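Have a look at the structure below before the remarks.
Nothing here was measured: the structure is a model prediction, and the numbers come from that model. Every heavy atom of this structure was used, including side-chain atoms; hydrogens, water molecules and symmetry mates were not.
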Amino acid sequence: MKSRIALTALALVMTVPMAACGQEGDNTAAAPPKAGKPTVCLVMKSLANEYFQQMQQGAKAHETTRGDFTLSASGIQNETDVDGQVSLVDTCITKQVQAIVIAPADSKALVASVAKAMKAGVKVVNIDVKLDDAALKAAGVEVPFVGPDNRDGAKQSGAVLATLLGKGGKVVILEGNPGADNAAQRKAGFTDAIAEGGLTLVDSKTAHWETDEANAVFGNMLTAHPEIQGVLASNDSMALGALKVIEERKADVKVASFDNIPAVKPYLASGVMVATLDQFGSRQAAFGIDHAMKMIGGEQLTGWQKTEVKLITKENVG
């Protein structure tokens, strides 16, 4: 009897270290299944931006509507905090969530974190800002993208300004983060509108998606080039910074932008902002989560699921 108890105790002592070693050392193993609903991490950019506040609200509403997943939503303090976003992804991995839906702050810098999550068995869906194709290929991973055609959307918004100003109209571009794919695509779309409308591009600089920085950048632009007639802002947050300068200096400058956050509605109604582009951020999060849930269920999803965009002007601002 004593020998049987001793053997049982010895077996238990040997089993515990083996299990612990398997959890800590084998990064290729899938996250263990949890009882109940799967957890989906939504990792966003700056929650100071109304667009991502709307995205978070939409995701929470979708959690209630579906009722079959638990949402863990987080964001960074400012648009350039790439390290902060890497840390958020690491936290999701540590918590052994089943899926991550991410709007990356940088299209290349977040690829390593995404690959790390996938290696740990976490399903990943990319929304809003597309991860860099070459970087994904180099990392040996494929990630489905759920998001809009940023170039076409920016072209639509810019075309309204081009029509208003006419050929020779002098404009500037406020660019987003240099490392973000949507920043590059929106600049390209604005450039398309400039070329087709015969506008003259006076200057183009980044303000990193931020209102205060855009206020300073555009203020300097207008001082250097008082002939400026229009601003093409790559998001509404930067547009707000430019609009403040326009108000303070009583300048005759029109603005076209992208995002359709609530704060720009009065400017659309007054006509100083001639257009913005609604990309329905809350729906993007919901579609991304739906994609993730299908992947958790065993579906293999790749490629680009294009989401809706809508041109907003004074006529349909609502």
Side-chain angles (χ1 to χ4, degrees), residues 51 148-178 182-279 309-318:
Y51 172 74
D149 188 330
N150 282 281
R151 182 168 186 165
D152 178 66
K155 182 180 177 182
Q156 289 185 47
S157 183
V160 177
L161 183 63
T163 299
L164 177 68
L165 297 182
K167 290 186 177 181
K170 294 176 174 60
V171 299
V172 295
I173 298 175
L174 292 174
E175 305 169 24
N177 280 356
N182 62 340
Q185 293 298 317
R186 291 179 195 179
K187 182 181 178 181
F190 286 147
T191 302
D192 292 340
I194 288 169
E196 291 188 15
L199 300 177
T200 299
L201 180 62
V202 174
D203 202 355
S204 182
K205 285 186 173 66
T206 181
H208 299 98
W209 305 121
E210 300 284 358
T211 300
D212 290 344
E213 187 173 350
N215 181 261
V217 169
F218 179 65
N220 291 335
M221 285 177 168
L222 192 57
T223 298
H225 306 282
E227 72 276 16
I228 291 170
Q229 298 169 275
V231 180
L232 296 155
S234 295
N235 78 343
D236 284 346
S237 291
M238 293 190 295
L240 290 171
L243 286 161
K244 186 176 180 181
V245 174
I246 293 166
E247 286 180 332
E248 290 172 348
R249 301 194 191 182
K250 296 181 172 58
D252 185 14
V253 179
K254 303 299 184 184
V255 179
S257 188
F258 203 111
D259 274 352
N260 193 35
I261 63 174
V264 303
K265 288 185 177 181
Y267 298 102
L268 284 162
S270 72
V272 65
M273 177 178 276
V274 300
T276 189
L277 201 286
D278 199 336
Q279 58 170 329
V309 296
K310 181 180 180 181
L311 182 67
I312 305 295
T313 63
K314 185 176 183 177
E315 286 69 32
N316 67 342
V317 63

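Closest approach of A256 and V274 over heavy atoms only: CB-CG2, 4.2 Å. Across S237 and T211, no two heavy atoms sit closer than the pair O-OG1, 2.7 Å. The heavy-atom pair separating H208 from M238 by the smallest distance is N-SD, 4.2 Å. Contact detail for A193 and A159: the closest heavy-atom pair is CB-N, 3.7 Å. Here the shortest heavy-atom pairing between P266 and A263 reads CD-O, 3.5 Å. Scanning both residues, W209 and A183, for their nearest heavy atoms gives CZ2-CB, 3.6 Å.
One finds the CG atom of N235 at 9.0 Å from the CG atom of N182 (value rounded to the nearest 0.5 Å). With values rounded to the nearest 0.5 angstrom, N215 atom CG is found 10.5 Å from I246 atom CD1. To the nearest 0.5 Å, atoms CG (D152) and CZ (R186) are separated by 12.5 Å. Of the inter-residue distances, the one linking L174 atom CG with E210 atom CD reads 12.5 Å to the nearest 0.5 angstrom. Here the NZ-OG distance, from K187 to S234, works out to 9.0 Å after rounding to the nearest 0.5 Å. In this structure, the separation between CG on L164 and NZ on K254 is 7.0 Å, given to the nearest 0.5 Å.
V309 places none of its side-chain heavy atoms less than 4.5 Å from the side chain of D149. Between L268 and K314 there is no side-chain heavy-atom pair separated by less than 4.5 Å. Between L240 and I261 there is a side-chain heavy-atom pair separated by less than 4.5 Å. Using a 4.5 Å heavy-atom threshold, the side chains of N150 and F258 count as touching. Within the 4.5 Å cutoff, no side-chain heavy atoms of H225 are placed close to those of V172.
A side chain to side chain contact (heavy atoms under 4.5 Å, CB included) with L161 holds for exactly one of I194, V255, V231, V171; it is V171. Exactly one of I228, D203, L243 qualifies for a side chain to side chain contact (heavy atoms under 4.5 Å, CB included) with F218. That residue is I228. For the side chain to side chain contact (heavy atoms under 4.5 Å, CB included) with K170, the qualifying choice from V202, L201, L165, L199 is V202, the only one to do so.
Few gaps surround CG on N316; more than 12 heavy atoms of other groups in view lie less than 6.0 Å from it.
No donor-acceptor pair under 3.5 Å is formed between the side chain of N220 and the backbone N or O of V217. No donor-acceptor pair under 3.5 Å is formed between the side chain of S157 and the backbone N or O of A154. Here the side chain of R249 pairs a donor or acceptor atom with the backbone of G219 at under 3.5 angstrom.
For the 3.5 Å distance criterion, the side chains of D259 and Q279 qualify, holding a donor opposite an acceptor. Under 3.5 Å, the side chains of T276 and N260 contain no donor-acceptor pair of N or O atoms.
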